[in-house]
K.L.:
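Quick one: the structure is below, questions incoming.
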Amino acid sequence: MLRYVIQMEFRTLRRDRWAIGLLILLGALVAMAVIQGSRWQREQQEKLLTVQKSDDSRYNSLLQQHVRLDQSAQPPRVKDDPRITMEIAQQGRIMTLPPLDTSVLAIGHADLLPQQVHVSAVGNESSLWNRLEIENPMNARSGRFDLAFVVVFLLPLFLLALTFHLLPGDREQGIIALSLAQSARLTPVLLTRLAVRGFLVWAVVAGVALVTMSFMDVPWLGQQNLWRIGMWLVLVMGYTLFWLAISFVANAYASNAASSALMLATAWLAFVVLLPALFNAVLVRVCAPPSRVQLVSAMRTATRAATMEASKTLAEYYQDHPELRPPGTASDEAQFIASYFATRERTEKDVAPVLRAFVEQVDRQQELVARWQYLLPPVLLDEAFGDLAGTGSIRHAHFRNQVRQSLSAWQEWFVPRLVQGSVLKVTEHDAIPKLVYTDESKGTLLRRVNSAVALLAVMTILFTGWGVARLRRVK
Amino acid sequence: MIFHIAKKEILELVRDGRLRWLGALMALLLIAAFSLGWVEQKRVGSERAEALLEERENWLEQGDKNPHGASHDGMHVFKPLSPLAFFDPGVDGYLGTSVKLESHRQNHIEHPPAADFGGLQRFGAITPAFLLQSMAPLLLILAAFAAFAGEREQGTLRQALSCGASPMALLGGKFLAVIAVVGGVLVLALLGAVALVLMQGTSTGGGTEVGRLLVLALGYALYCAGFVALTLAVSARVRAARSALVIMLGFWALTVFVAPRLMPHVVRSVVTLPSLQEFDHALRQGLSTVPDGHNTQDAYIQERVHKLLIKHNVMHPADLPFNIHGLIMQEGEERSIPIIDRHFGSLWDRIDKQTRVRLWFGLLAPSLAIESFSMSLSGTDFAHHRDFAKAAEKQRRILIQTLNDDMMNNSKFGDHGYVATREVWERVPEFQYKTPDSGWALRQSRLSFVLLLIWAGATGALAFFAVRRLQPL
């Protein structure tokens, strides 16, 4: 019987120009999203590569200059001399967050957040994240047309357009009575029909995406990428099933096709637009981190206090770091450097409560998002896509953490040398902490993605159960 | 006749349970949006005002120090929140909120709130503008999709026409009915916004916000009227109400959700923007071509000193009646101004050009025209941000000139221990930024208003022609 229903459904779809048109449109949108995504990824990769190369070549020429000057035995100059520790400490290095091949899956938030930062021993961490990439603010607000958008926002609309009328349409045409008269059971027939349509939609999305990726030379078959693509296909399947389950409920309840369309449009609006937007609005207000404005003010006030009491600040600094106290009378320059770091350390101490409150609130916000997103499948899916693409907020937070650690490592290495006025030796270059980003482990990432899959499965089962219960009561 | 038809339609719409539910939901969401917006407006507004006061105090209380040292420490200015930001926060979240004013360079405006929120923000936020731009059209579509097609299916269209009702009277009556019922939501939104504006008391724009709101209401009315006219046109042309609904829902999703996402790719293919690093590098390169006053060995400075010595007929800079370092610092600043203006001007012009390209697509997707119109009148668009950035830069130039003048007139050549006092800091005027008036905002949004007029006119004409050839069966 079900085999017959499947055959009939394929036959019906083959003759339905509306359905074919929708599937072609969906395929075109997917292809467009992949093309845009891979272009963005390529641009990003080239940009970061150029930055990295120019930073490497700048550093290498400094190194060569250092070797030459060491051999020449000239005394160190005040400026433009790599033997002066401050020169290297100030020039710093660039640390980048490399885009993954799979970033074609979701551009996400990565078009806004800095993917490269300048780490130096004199910089401070909070100033690294003060600005977004240069972008037209209208574009920044709307976000890019990427594969994640097509799947999260548009795929449900296509699914709903292809399935909203299955049962109510039959009811309007009197086909249901005919089917029931042939001892067909409503639930399996409807579920089979939905499954056929859902499978077609999934196949179009998956097929067109993979073919376009191949066409755009995205190495999705590579060892590092295949499992990510595999998980993406599973997530898309899970999301398809979730929306099919919602459509199943609407079909079971609606008396006519227009009502079913309305119910599904409302469900889409609620799940994809209103609930995430409401959640966002509440989160921004209820759990807003202390604003950066407060942070700037606190920093300015603390700096002013530290500068005004410069001698006291310096004395306290030497008390905390007796190993850095110069043996005799310090030169003007050494005094200036010591005073600079003393002021900075005191400012950091004074601002620490505001910064701590800021970080705690951001963590609380993330925690809330992580907890409540289980009620919002589109949000969960979007995060999971970001994870797989390497453009998600968690990977960026991971990058920020590593930048913070690198910055501390640089300061720990440089500050004592700067305050003591040591001259840098060529051999010491190797000991300067390296700035390399390391991704989080596959296991951690998979745990998060698997939880999204599990949630979609649970919600699909719940909605399907609801639909089945309703259909049992339908005469 | 039109009013009789409208009365009957209103009765039917009010009796429709689905619409009642959706209308109530929309009203609830509007109330929530206004409340959330209001709380945020109060919080952010007072925070920025306090920060500005605190910064002024920091500036005045910085103690005695060298004026050039003070110019490097600089001061921060904070962008005030537009009084209508609670209605439409626009692109404020993606632009900075404060900028450090210091010597030798114009800084970017920093600390955009978007930097501190995750990917969730791309799902949008519940604001009155968001609801009116995305939800109101949906409500209008649901109220109007069955207007002709539904009656045709039920056979009542034939009856109405045979009773002598003209197709145009039907169109007018149905249009008025939908506008009257759903227009209530618009009026509710307008009243809510006016109330909140009045509650804010003094505003930065000198009480022009109510005027801005009235113009905003006109824009939203055109946007909504276009959706009603288009839905009626589709309903008149297709056979089944179901088809009208699906077509209009498709158009709604396309214009409200898909079009804005496509725009970044389109505008970038027409006008490109430099990356942050490219821009900063180019600006640094540009500024490196003029002496900043620090390098006294610079050929230009040497020549300038030489000329001044000849002019004042003295042998040594210390014999000049002023401190030449102050003069050189100021000349360095003045020579950097055209370079700064060129780089920032070119960047902002490119952003404006992209925005205009995006706006022209409002001919196809009216949501692009209304979003631009709405944020422009709400004072939360890029044009307002640019105006603030220009005001902040003007303040920077005044600040640096005051400090350099002090150094030039009150310190001696080679006196590195010279310090200025509070009296000098007080000479720098307090930064007071006023949001441009509504006339300025309206001039900025001329194109989007014209596009909204075209949208309403074109859909009205479409409805007219669709109904003129109305088929009763």
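Letters go in sequence order (proteins before strands), and every chain restarts at 1.
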K.L.:
Pick one of side chain, backbone, both or neither for B:Leu368, based on which atoms fall under 4.5 Å of a heavy atom in chain A.
P.N.:
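Looking at B:Leu368, nothing touches chain A.
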K.L.:
Between B:Leu95 and chain A, which part of the residue has a heavy atom less than 4.5 Å away: side chain, backbone, both or neither?
P.N.:
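Answer is side chain: those atoms of B:Leu95 sit under 4.5 Å from chain A.
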K.L.:
If you look at every heavy atom in B:Ile351 and A:Asn136, which pair is closest and at what distance?
P.N.:
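Nearest heavy atoms, B:Ile351 then A:Asn136: O-ND2, 3.2 Å.
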K.L.:
Give, as side chain, backbone, both or neither, the part of B:Asn107 having an atom under 4.5 angstrom from any heavy atom of chain A.
P.N.:
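Nothing of B:Asn107, per the 4.5 Å heavy-atom cut-off to chain A.
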K.L.:
Answer yes or no: is there a donor N or O on one side and an acceptor on the other, between the side chain of B:His265 and the main chain of A:Phe145, under 3.5 Å?
P.N.:
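It does hold such a pair.
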K.L.:
Considering residues, nucleotides and ligands other than B:Lys65, do more than 12 of their heavy atoms fall under 6.0 Å from its NZ?
P.N.:
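For B:Lys65, atom NZ is crowded (more than 12 foreign heavy atoms under 6.0 Å).
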K.L.:
Measure distances from A:Trp40 to the heavy atoms of chain B and classify the residue's part below 4.5 Å as side chain, backbone, both or neither.
P.N.:
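Contact with chain B is absent: no heavy atom of A:Trp40 under 4.5 Å.
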K.L.:
With a 4.5 angstrom heavy-atom cut-off, is it the side chain or the backbone of A:Thr391 that approaches chain B, or both, or neither?
P.N.:
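No part of it gets close to chain B.
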K.L.:
Please step through side chain to side chain contact (heavy atoms under 4.5 Å, CB included) for the pair A:Val272 and B:Phe257, ending with a clear verdict.
P.N.:
CA-CA 11 Å; A:Val272 181; B:Phe257 298 103; over 6 Å; no
K.L.:
Check each atom of B:Leu262 against the heavy atoms of chain A and say whether the ones under 4.5 Å are side chain, backbone, both or neither.
P.N.:
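Interface part for B:Leu262: both.
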K.L.:
Measuring heavy-atom distances to chain B, does A:Leu160 have an atom under 4.5 Å in its side chain, in its backbone, in both, or in neither?
P.N.:
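Neither the backbone nor the side chain of A:Leu160 comes within 4.5 Å of chain B.
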K.L.:
Might you point out which heavy atoms bring B:Leu276 and A:Glu133 nearest each other, and give the distance in Å?
P.N.:
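Smallest interatomic distance, heavy atoms only, reads N-OE1, 3.1 Å.
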K.L.:
Under 4.5 Å from any heavy atom of chain A, what part of B:Phe78 do you find: side chain, backbone, both or neither?
P.N.:
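B:Phe78 touches chain A through side-chain heavy atoms alone.
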K.L.:
With a 4.5 Å heavy-atom cut-off (strictly below), which parts of residues 147-157 of chain A touch chain B? List them by number.
P.N.:
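A:Phe149, A:Val152, A:Phe153, A:Leu154, A:Leu157, listed by number.
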K.L.:
B:Met75 versus chain A, heavy atoms under 4.5 Å apart: side chain, backbone, both or neither?
P.N.:
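Both backbone and side chain of B:Met75 come within 4.5 Å of chain A.
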K.L.:
Rounded to the nearest 0.5 Å, what's the gap from CG on B:Leu249 to CH2 on A:Trp268? Could you check?
P.N.:
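Here the rounded value is 9.5 Å.
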K.L.:
Take a 6.0 Å sphere around CZ of A:Phe158 and say whether it holds more than 12 heavy atoms from other residues, nucleotides or ligands.
P.N.:
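Atom CZ in A:Phe158 is crowded, with more than 12 foreign heavy atoms closer than 6.0 Å.
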K.L.:
Given the options B:Ser372, B:Gly90, B:Ala32, which has more heavy-atom pairs under 4.5 Å with chain A than any of the others?
P.N.:
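Top option by heavy-atom pairs under 4.5 Å: B:Gly90.
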K.L.:
Under a 4.5 Å cutoff for heavy-atom pairs, which residue among B:Glu57, B:Met263, B:Gln62 has the most contacts with chain A?
P.N.:
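The answer is B:Gln62.
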K.L.:
What part of A:Glu43 lies closer than 4.5 angstrom to a heavy atom of chain B: side chain, backbone, both or neither?
P.N.:
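The side chain, not the backbone.
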K.L.:
For A:Thr266 and B:Trp21, what are the C-alpha separation, side-chain angles and deciding distance, and is it a side chain to side chain contact (heavy atoms under 4.5 Å, CB included)?
P.N.:
CA-CA 11 Å; A:Thr266 312; B:Trp21 274 105; over 6 Å; no
K.L.:
If you count heavy-atom pairs under 4.5 Å with chain B, which of A:Ala261, A:Pro378, A:Ser260, A:Gly386 comes out on top?
P.N.:
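Sorted descending by pairs with chain B, the first entry is A:Pro378.
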K.L.:
Who wins among B:Arg48, B:Arg358, B:Arg350, B:His385 for the most heavy-atom pairs under 4.5 Å with chain A?
P.N.:
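Answer, by heavy-atom pair count under 4.5 Å with chain A: B:Arg358.
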K.L.:
What part of B:Leu138 gets within 4.5 angstrom of chain A, counting heavy atoms only: side chain, backbone, both, or neither?
P.N.:
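For B:Leu138, the side chain is the part near chain A, not the backbone.
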K.L.:
Passes side chain to side chain contact (heavy atoms under 4.5 Å, CB included), B:Met135 versus A:Leu274? Steps please.
P.N.:
CA-CA 9 Å; B:Met135 280 282 284; A:Leu274 291 179; 4.0 Å; yes
K.L.:
Between B:Glu61 and chain A, with a heavy-atom cut-off of 4.5 Å, which part of the residue counts as in contact: side chain, backbone, both or neither?
P.N.:
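It is both, since atoms from each part get that close.
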K.L.:
For A:Arg400, is the CZ atom crowded, meaning more than 12 foreign heavy atoms sit under 6.0 Å from it?
P.N.:
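Yes, the 6.0 Å shell around CZ holds more than 12 heavy atoms from other groups.
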K.L.:
Which residues satisfy the salt bridge (Lys or Arg N to Asp or Glu O under 4.0 Å) test with B:Asp352, sequence neighbours excluded?
P.N.:
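With neighbours one apart ignored, the set is B:Arg386.
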K.L.:
Taking ring pair (Phe, Tyr, Trp, His ring centres under 6.0 Å) as the test, write out the residues that go with B:Phe279, two or more places apart.
P.N.:
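Result, ring pair (Phe, Tyr, Trp, His ring centres under 6.0 Å) vs B:Phe279: B:His108, B:Phe344.
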K.L.:
Can you give me the closest heavy-atom contact between B:Arg261 and A:Ser142, atom names plus distance?
P.N.:
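What the structure gives for the nearest pair is NE-O, 3.1 Å.
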K.L.:
Of the backbone (N, CA, C, O) and the side chain (C-beta and beyond), which part of A:Ala265 lies under 4.5 Å from a heavy atom of chain B, both, or neither?
P.N.:
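Just its side chain gets close to chain B.
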K.L.:
Report which part of A:His118 has an atom under 4.5 Å of a heavy atom belonging to chain B: side chain, backbone, both, or neither.
P.N.:
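Nothing of A:His118, per the 4.5 Å heavy-atom cut-off to chain B.
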K.L.:
Between B:Ser98 and chain A, which part of the residue has a heavy atom less than 4.5 Å away: side chain, backbone, both or neither?
P.N.:
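For B:Ser98, the contact with chain A is made by the side chain alone.
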K.L.:
Does any heavy atom of chain A fall under 4.5 Å from the side chain of B:Thr355, the backbone, both, or neither of them?
P.N.:
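For B:Thr355, heavy atoms of backbone and side chain both lie under 4.5 Å from chain A.
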K.L.:
Non-hydrogen atoms of chain A under 4.5 Å away: do they reach the side chain of B:Val267, the backbone, both or neither?
P.N.:
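Contact with chain A: side chain only.
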K.L.:
Measure across B:Ala125 and A:Asn280 and return the closest heavy-atom pair with its distance rounded to 0.1 Å.
P.N.:
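The pair with the smallest heavy-atom distance is CB-ND2, 4.0 Å.
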K.L.:
Is it the case that over 12 heavy atoms from other parts of the model lie below 6.0 angstrom from the NE2 atom of B:His72?
P.N.:
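Enclosed.
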K.L.:
Can you name the residues that form a side-chain contact (heavy atoms from CB on, under 4.5 Å) with B:Ala149, not counting sequence neighbours?
P.N.:
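Result, side-chain contact (heavy atoms from CB on, under 4.5 Å) vs B:Ala149: B:Arg152, B:Ser235, B:Val238, B:Ala241.
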K.L.:
At a 4.5 Å cut-off on heavy atoms, which part of A:Gln116 comes close to chain B: side chain, backbone, both, or neither?
P.N.:
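Side chain only.
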K.L.:
Please report the shortest heavy-atom distance between A:Ala277 and B:Phe123, naming the atom on each side.
P.N.:
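Looking at all heavy atoms of both residues, the shortest contact is CB-O, 3.9 Å.
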K.L.:
What I'd like to find out is whether the side chain of A:Lys47 reaches to under 4.5 Å of the side chain of B:Gln277, using heavy atoms alone.
P.N.:
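They are not in side-chain contact.
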K.L.:
Using heavy-atom distances under 4.5 Å, tell me whether B:Gln354 contacts chain A through its side chain, its backbone, both, or neither.
P.N.:
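Looking at B:Gln354, backbone and side chain both touch chain A.
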K.L.:
Need one label for A:Asp111: side chain, backbone, both or neither, based on atoms under 4.5 Å from any heavy atom in chain B.
P.N.:
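Interface part for A:Asp111: side chain.
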K.L.:
Is B:Arg268 close to chain A through its backbone or its side chain, or both, or neither, when contacts mean heavy atoms under 4.5 Å?
P.N.:
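The answer is the side chain of B:Arg268.
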K.L.:
First locate atom OG of B:Ser275, then atom CD of A:Gln115, and finally report the distance between them rounded to the nearest 0.5 Å.
P.N.:
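Between atom OG of B:Ser275 and atom CD of A:Gln115 there are 12.0 Å.
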